[in-house]
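Each chain gets a letter, A, B and so on, in the order its sequence line appears, and its residues count up from 1.
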There are 2 protein chains.
Amino acid sequence: MTVTARPAQETAAAPAHDRVYRALRTRIMHGEIAPGAALTLRGIGSEFAVSMTPAREAVRRLAAEGALFLSSSGRVTTPELTNERIEELAALRALLEVELASRALPRAHMALIDRLQTINSNVAEMVSKRDAVGYIRTNLEFHRTLYLRAQAPAMLAMAETVWLQLGPTMRALYGRLRRTDPPQNHRLIIAALKAGDEPGLRLAVRSDVTQGLRLLAG
Amino acid sequence: MTVTARPAQETAAAPAHDRVYRALRTRIMHGEIAPGAALTLRGIGSEFAVSMTPAREAVRRLAAEGALFLSSSGRVTTPELTNERIEELAALRALLEVELASRALPRAHMALIDRLQTINSNVAEMVSKRDAVGYIRTNLEFHRTLYLRAQAPAMLAMAETVWLQLGPTMRALYGRLRRTDPPQNHRLIIAALKAGDEPGLRLAVRSDVTQGLRLLAG
DNA sequence: CATACCGGCATGTGATCACAAATCCCGCCA
DNA sequence: TGGCGGGATTTGTGATCACATGCCGGTATG
């Protein structure tokens with residue numbers, strides 16, 4: 001088939017493997033797939049109406065980012081993380097996101113803070129609706145919006161890779177915990193941004209990032 | 001063709017795409033390819049006596065790790081980093097490797113320190129021989145040997161990803177700077193390990209990781 | 001009733017091919 | 001002499017196929 005040249009709308013005319021990659025990536029990052037779930041190349045191919053070739057490329061790419069696990073025989077599943085691995089990834093989030101927030105701080109003007117507050121109200125809504133996927137999505141949007149201001153694309157890419165790896169597990173985790181209180185740490189982050197309080201910001205981000213992942217230790 | 005089932009020697013019987021991936025990865029990480037150098041799928045395929053399919057998978061995997069750059073039309077080159085990107089990657093190295101070293105410290109016994117000293121003498125030899133690739137290789141071996149003790153595989157994988165991205169640029173950088181003095185920071189690292197001095201270790205690692213990358217700012 | 005064997009099916013791997021588009025190079029014209 | 005157009009070639013993309021292997025059933029046997 002090759003590229004059918006979208007009549008309009010699309011500016012890039014994305015190749016098939018890229019469309020598949022992006023679709024799967026979003027699904028995994030948002031926790032729409034359970035940990036340990038199996039995928040097949042032919043299954044992916046038929047779902048997106050492509051052959052095995054682009055499906056394979058998308059899967060390889062995701063596996064390289066740690067978003068998928070390839071068994072020794074090549075079978076594809078979402079990763080089932082051990083507690084140790086989860087703690088390590090949480091530590092990575094803390095390390096990377098504290099730095100990103102710190103770099104974003106001097107560039108965070110009122111317009112950005114307003115946007116963060118808007119997003120945060122969406123987060124609160126998702127929490128109250130107990131919409132796990134919606135919560136993960138808006139929560140990541142909150143963090144990404146802040147970190148984009150850091151002007152550090154490589155660092156942001158690494159943070160997103162960690163989110164990807166945690167995706168399926170996040171879903172399982174947030175499904176387990178029944179919370180309806182709004183995200184308190186997000187308010188601390190916004191307050192620290194307003195005050196230009198860097199130590200406070202670092203602490204708030206660290207708490208926000210590690211809070212949800214701690215409860216599995218019990 | 002498929003797998004020809006190695007008679008012996010190999011424990012894993014690596015698939016073609018994996019062999020290609022590993023070979024290219026080593027080359028790139030060790031700085032054996034110049035920044036901006038072009039690769040072709042057919043070229044890679046014929047070099048490793050495989051078809052385009054495994055070559056493509058290896059390239060995609062490396063591109064996902066940032067080791068290769070794919071132009072919008074799909075052309076494959078090693079990345080040409082801007083100064084900003086190099087500084088960001090150096091900051092990432094500092095962030096990740098300081099943490100890894102810190103986690104390795106409590107587990108660093110004499111046997112490990114001895115091995116580090118042996119590796120370090122190899123580093124010194126490479127420096128005196130002005131062997132850029134050999135220097136990069138032994139230098140990374142020094143760091144990896146230390147960080148393996150941190151028992152943090154995800155964090156180590158991220159650090160290696162950063163090394164990969166810097167590979168081609170490292171070569172160009174170290175080729176430019178004519179140094180023959182042995183690695184002073186490595187000695188500081190070893191001394192801090194012996195003394196169990198965590199702040200000193202963090203500082204030494206940070207200096208070692210950022211030193212070589214600073215000179216481009218001038 | 002548990003376990004080991006075995007056959008069929010599902011699945012990943014790699015080769016090959018057709019196609020489109022990007023790139024390159026050479027000659028032409030101003 | 002320098003820039004530009006156009007055709008040949010290079011190059012990535014995606015589909016399809018043959019094949020080996022691994023997985024999962026049933027069945028027979030202890």
> From D/dT16, D/dG14, D/dT11, pick the nucleotide closest to the side chain of A/His17?
Replying inline: D/dG14
> A/Glu57 and B/Arg56: salt bridge (charged side-chain N to carboxylate O under 4.0 Å, His left out), yes or no, with the steps?
Replying inline: CA-CA 8 Å; A/Glu57 296 189 36; B/Arg56 227 199 303 191; 2.9 Å; yes
> Do B/Arg202 and B/Glu99 have side chains that get closer than 4.5 Å, going by heavy atoms?
Replying inline: yes
> Could you give the angle between the helix axes at the two ends of the helix from C/dC1-D/dG30 to C/dA30-D/dT1, with five pairs per end, rounded to 10 degrees?
Replying inline: 30°
>> I need the CD-P distance between A/Glu57 and D/dG12, as an integer number of Å.
In response: 12 Å
>> Mind checking if A/Leu39 touches a base, just sugar-phosphate, or nothing, with heavy atoms under 4.0 Å?
In response: sugar-phosphate
> When we call it a touch if two heavy atoms are under 4.0 Å apart, what does A/Thr53 touch: a base, just sugar-phosphate, or nothing?
Replying inline: base
> Quick one: on DNA chain D, does A/Val50 or B/Arg42 contact a more 5' nucleotide (nearest heavy atom)?
Replying inline: B/Arg42
> Please give, in whole Å, the distance from D/dT13 P to B/Met52 CE?
Replying inline: 8 Å
> Whole-Å distance between D/dG12 C1' and B/Leu41 CG?
Replying inline: 6 Å
> Once you round it to whole Å, what is the distance between P of C/dT13 and OH of B/Tyr21?
Replying inline: 15 Å
> Looking at residues 60-73 of chain B, who's got a heavy atom less than 4.0 Å off DNA chain C?
Replying inline: B/Ser73
> Within a reach of under 6.0 Å around CZ of A/Arg206, are more than 12 heavy atoms found that belong to other residues, nucleotides or ligands?
Replying inline: no
> Hey, which of these two, A/Pro54 or B/Gly74, hits DNA chain D nearer its 5' end, going by closest nucleotide?
Replying inline: B/Gly74
> With a 4.0 Å cut-off on heavy atoms, is A/Arg75 in touch with a base, just the backbone sugar-phosphate, or nothing at all?
Replying inline: sugar-phosphate
>> Determine whether A/Arg42 and A/Glu47 satisfy the following criterion, salt bridge (charged side-chain N to carboxylate O under 4.0 Å, His left out), listing intermediate values before the conclusion.
In response: CA-CA 8 Å; A/Arg42 287 173 177 85; A/Glu47 177 179 351; over 6 Å; no
> Got more than 12 heavy atoms from elsewhere within 6.0 Å of CD, A/Gln117?
Replying inline: yes
>> How many whole angstroms separate atom CZ of B/Phe48 from atom C1' of C/dG14?
In response: 16 Å
>> Looking at the base of D/dG14, is there any donor atom on it, or on the side chain of B/Arg56, that sits under 3.5 Å from an acceptor on the other one?
In response: yes
>> Set out, in order, the CA-CA distance, both residues' side-chain angles and the distance that settles side chain to side chain contact (heavy atoms under 4.5 Å, CB included) for A/Leu92 and B/Leu96, then state yes or no.
In response: CA-CA 8 Å; A/Leu92 269 171; B/Leu96 295 170; 3.6 Å; yes
>> Salt bridge check, A/Asp18 against A/Arg61: does any charged N sit closer than 4.0 Å to a carboxylate O?
In response: yes
>> Rounded to whole Å, how long is the line connecting atom CG of A/Asp18 with atom C1' of D/dG12?
In response: 14 Å
>> Students often mix this up, so state it plainly: with edges at 30° and 60°, are the rings of B/Trp163 and B/His143 parallel, tilted or perpendicular?
In response: perpendicular
> Is the side chain of B/Thr161 donor-acceptor paired with the backbone N or O of B/Glu65 at a distance under 3.5 Å, no angle test?
Replying inline: no
